[in-house]
Amino acid sequence: MVINKNSAVRKKLLSNTKRIVIKLGTAVLTGQDNLLDRPQIKRLAFQICKLLNQKFEIILVSSGAIGAGMGLLHIKSRPVLLPSLQATAAIGQGQLMKVYDSFFKLKGYLTAQILLTSEDLNNRQRYLNARNTVFTLLKYKALPVINENDTVSVDEIKFGDNDTLAGLVAALVDADLLITLSNIDGLYMSDKNKNKVLSIIEKITPEIESKARGSSAVGVGGMRTKLQAAKTITKSGISMIIANGRTKNILIRIINGDDIGTMFSPVKAKMAARKRWIAYSAVSKGEIGVDCGARQALTKKGKSLLASGIMDATGNFKTGDVIRILDDQGRLFARGMTNYSMDELSKIKGFKTSEIKSILGYKYYDEVIHRDNLVIL
């Protein structure tokens, strides 16, 4: 009997998996005519229902709204102008949800649409609201179907692509696994050897990143955005698999631990939900530069950031905002939630903690950024 070592490793990594985010790309959901491929969606929906029957919790991040709209409007290429793009998405989104709803109802499951912009995840309260909504839907045994709100998104509030959105959603809901299905089999060894897919990747190196390729004509993302999502979520302790969504029984095979697609293994220590928001979702309102001693204390000794180690500060932030932390060479190495505003920091930077009260007339905290609100990147 021949034992597939990769399959054994996968089964071990997946052994405690319960909550799964599944991202379906446009190429998986639409045909060559850009119309929704109903038989294909039915196959995927029924596989998801099998997983739901096995008591897995599933959150679906679905592309396809713009592709569906393009098909209905008989448009062959993705619109460029924002109003046309938003109108196409508005037409397609309703059709997309109608198709999902029809297939899941056949198996006794309800679907729930959630449309997000990056602002919904950047703002802490809205982030928590979205998180609680998803958890409540899971409690009701309903399937959350999440997509970017293309009808209102503009450049300033766009995720950019659904690979990025899927990674953020996986972090949002404390997922154990993110499955990204597209029209490729995984990450290839090289452009010249497309029959060989990398099975398990423990660390995303520059060599691995060099294998990334661009996007399709209808979709936005590509292998680069998938690798970026993998970087984010594996640091959060979440596994990720990239596979071909048109492979027969792909979802069932993945969960069974079959050696199919490319799997990215997570770091052992799972980052707390609050720190994931600080690291990857919150918008930075400014930045501070610290000296060598402060960087050493933060990265090597697990200390909080004190005013004495701060050299300069820029931005327009207030208490509770997330800011970027740079070393003395201007390199970003951490993010954190500040206890003091920009105006206050400009006065106390470089001074000892014992001097803060005499400078400001008060002292909220000893630390500018407490270790619990600090993430080393």
Any donor-acceptor pair under 3.5 Å from [X] side chain to [Y] backbone:
{"X": "Thr247", "Y": "Ile250", "result": "no"}
{"X": "Asn162", "Y": "Leu165", "result": "no"}
{"X": "Thr111", "Y": "Leu143", "result": "no"}
{"X": "Asp120", "Y": "Thr117", "result": "yes"}
{"X": "Ser304", "Y": "Arg371", "result": "yes"}
{"X": "Arg335", "Y": "Val375", "result": "no"}
{"X": "Arg124", "Y": "Trp277", "result": "no"}
{"X": "Asp327", "Y": "Gln329", "result": "yes"}
{"X": "Thr262", "Y": "Leu187", "result": "yes"}
{"X": "Asn123", "Y": "Arg126", "result": "yes"}

Between [X] and [Y], which heavy-atom pair has the shortest distance, and what is it?
{"X": "Ala45", "Y": "Phe104", "result": "O-CE2, 3.6 Å"}
{"X": "Ile348", "Y": "Ala307", "result": "O-CB, 3.5 Å"}
{"X": "Ala166", "Y": "Leu178", "result": "CB-CD1, 4.0 Å"}
{"X": "Leu374", "Y": "Ala334", "result": "CD1-CB, 4.1 Å"}
{"X": "Leu116", "Y": "Ala130", "result": "CD2-CB, 4.5 Å"}
{"X": "Ala243", "Y": "Gly261", "result": "CB-CA, 4.1 Å"}

Taking atom [atom1] as the centre, does [X] end up with more than 12 heavy-atom neighbours from other residues, nucleotides or ligands that are less than 6.0 angstrom away?
{"X": "Glu355", "atom1": "CD", "value": "yes"}
{"X": "Asn16", "atom1": "CG", "value": "no"}
{"X": "Lys363", "atom1": "NZ", "value": "yes"}
{"X": "Tyr362", "atom1": "OH", "value": "yes"}

Hey, could you give me the [atom1]/[atom2] distance between [X] and [Y], rounded to the nearest 0.5 Å?
{"X": "Phe264", "Y": "Thr234", "atom1": "CZ", "atom2": "OG1", "answer": "8.5 Å"}
{"X": "Ile260", "Y": "Asn244", "atom1": "CD1", "atom2": "CG", "answer": "8.0 Å"}
{"X": "Arg43", "Y": "Phe103", "atom1": "CZ", "atom2": "CZ", "answer": "10.0 Å"}
{"X": "Glu344", "Y": "Tyr364", "atom1": "CD", "atom2": "OH", "answer": "5.0 Å"}
{"X": "Thr232", "Y": "Leu168", "atom1": "OG1", "atom2": "CG", "answer": "7.0 Å"}
{"X": "Ile20", "Y": "Leu51", "atom1": "CD1", "atom2": "CG", "answer": "5.5 Å"}

task: Apply salt bridge (Lys or Arg N to Asp or Glu O under 4.0 Å) to the pair Lys318 and Asp321, showing each step before the final yes or no.
output: CA-CA 6 Å; Lys318 60 184 183 298; Asp321 282 342; 3.7 Å; yes

Ion pair check, Lys23 and Asp163, cut-off under 4.0 Å: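 So Lys23 pairs with Asp163 through a salt bridge.
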
query: If you measure from the Lys or Arg side-chain nitrogens to the Asp or Glu carboxylate oxygens, is any gap between Lys18 and Asp176 under 4.0 Å?
result: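 Salt bridge between Lys18 and Asp176, a charged N being under 4.0 Å from a carboxylate O: no.
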
message: Leu36 vs Tyr100, test: side-chain contact (heavy atoms from CB on, under 4.5 Å). Steps then yes/no.
response: CA-CA 11 Å; Leu36 291 178; Tyr100 277 135; over 6 Å; no

Can you find a heavy atom in the side chain of [X] that is under 4.5 Å from one in the side chain of [Y]?
{"X": "Tyr140", "Y": "Leu110", "result": "no"}
{"X": "Leu14", "Y": "Met263", "result": "yes"}
{"X": "Leu326", "Y": "Leu332", "result": "yes"}
{"X": "Leu181", "Y": "Ile241", "result": "no"}
{"X": "Val368", "Y": "Thr338", "result": "yes"}
{"X": "Arg295", "Y": "Asp328", "result": "no"}
{"X": "Leu44", "Y": "Ile22", "result": "no"}
{"X": "Leu13", "Y": "Pro266", "result": "yes"}

message: Side chains of Asp259 and Ser199: any donor to acceptor distance under 3.5 Å?
response: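 Yes, Asp259 and Ser199 have a side-chain donor paired with an acceptor closer than 3.5 Å.
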
- request: Take Met70 and Thr30 through the side-chain contact (heavy atoms from CB on, under 4.5 Å) test and state the conclusion after the steps.
  value: CA-CA 10 Å; Met70 288 168 58; Thr30 58; over 6 Å; no

Between [X] and [Y], is there a shared hydrophobic cluster once you connect ILVMFWY residues whose side-chain heavy atoms come closer than 4.5 Å?
{"X": "Leu345", "Y": "Leu298", "answer": "yes"}
{"X": "Leu360", "Y": "Tyr365", "answer": "yes"}
{"X": "Ile48", "Y": "Ile179", "answer": "yes"}
{"X": "Ile376", "Y": "Leu306", "answer": "no"}
{"X": "Leu305", "Y": "Met337", "answer": "no"}

side-chain contact (heavy atoms from CB on, under 4.5 Å) assessment of Ile356 paired with Phe351: CA-CA 7 Å; Ile356 292 177; Phe351 288 93; 5.8 Å; no

Sole candidate of Val145, Val28, Asn147 that passes side-chain contact (heavy atoms from CB on, under 4.5 Å) when paired with Ser62: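 So the option named by the test is Val145.
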
- request: Would you check, one step at a time, whether the test side-chain contact (heavy atoms from CB on, under 4.5 Å) holds for Ile323 with Ile369?
  value: CA-CA 10 Å; Ile323 56 178; Ile369 298 178; 4.1 Å; yes

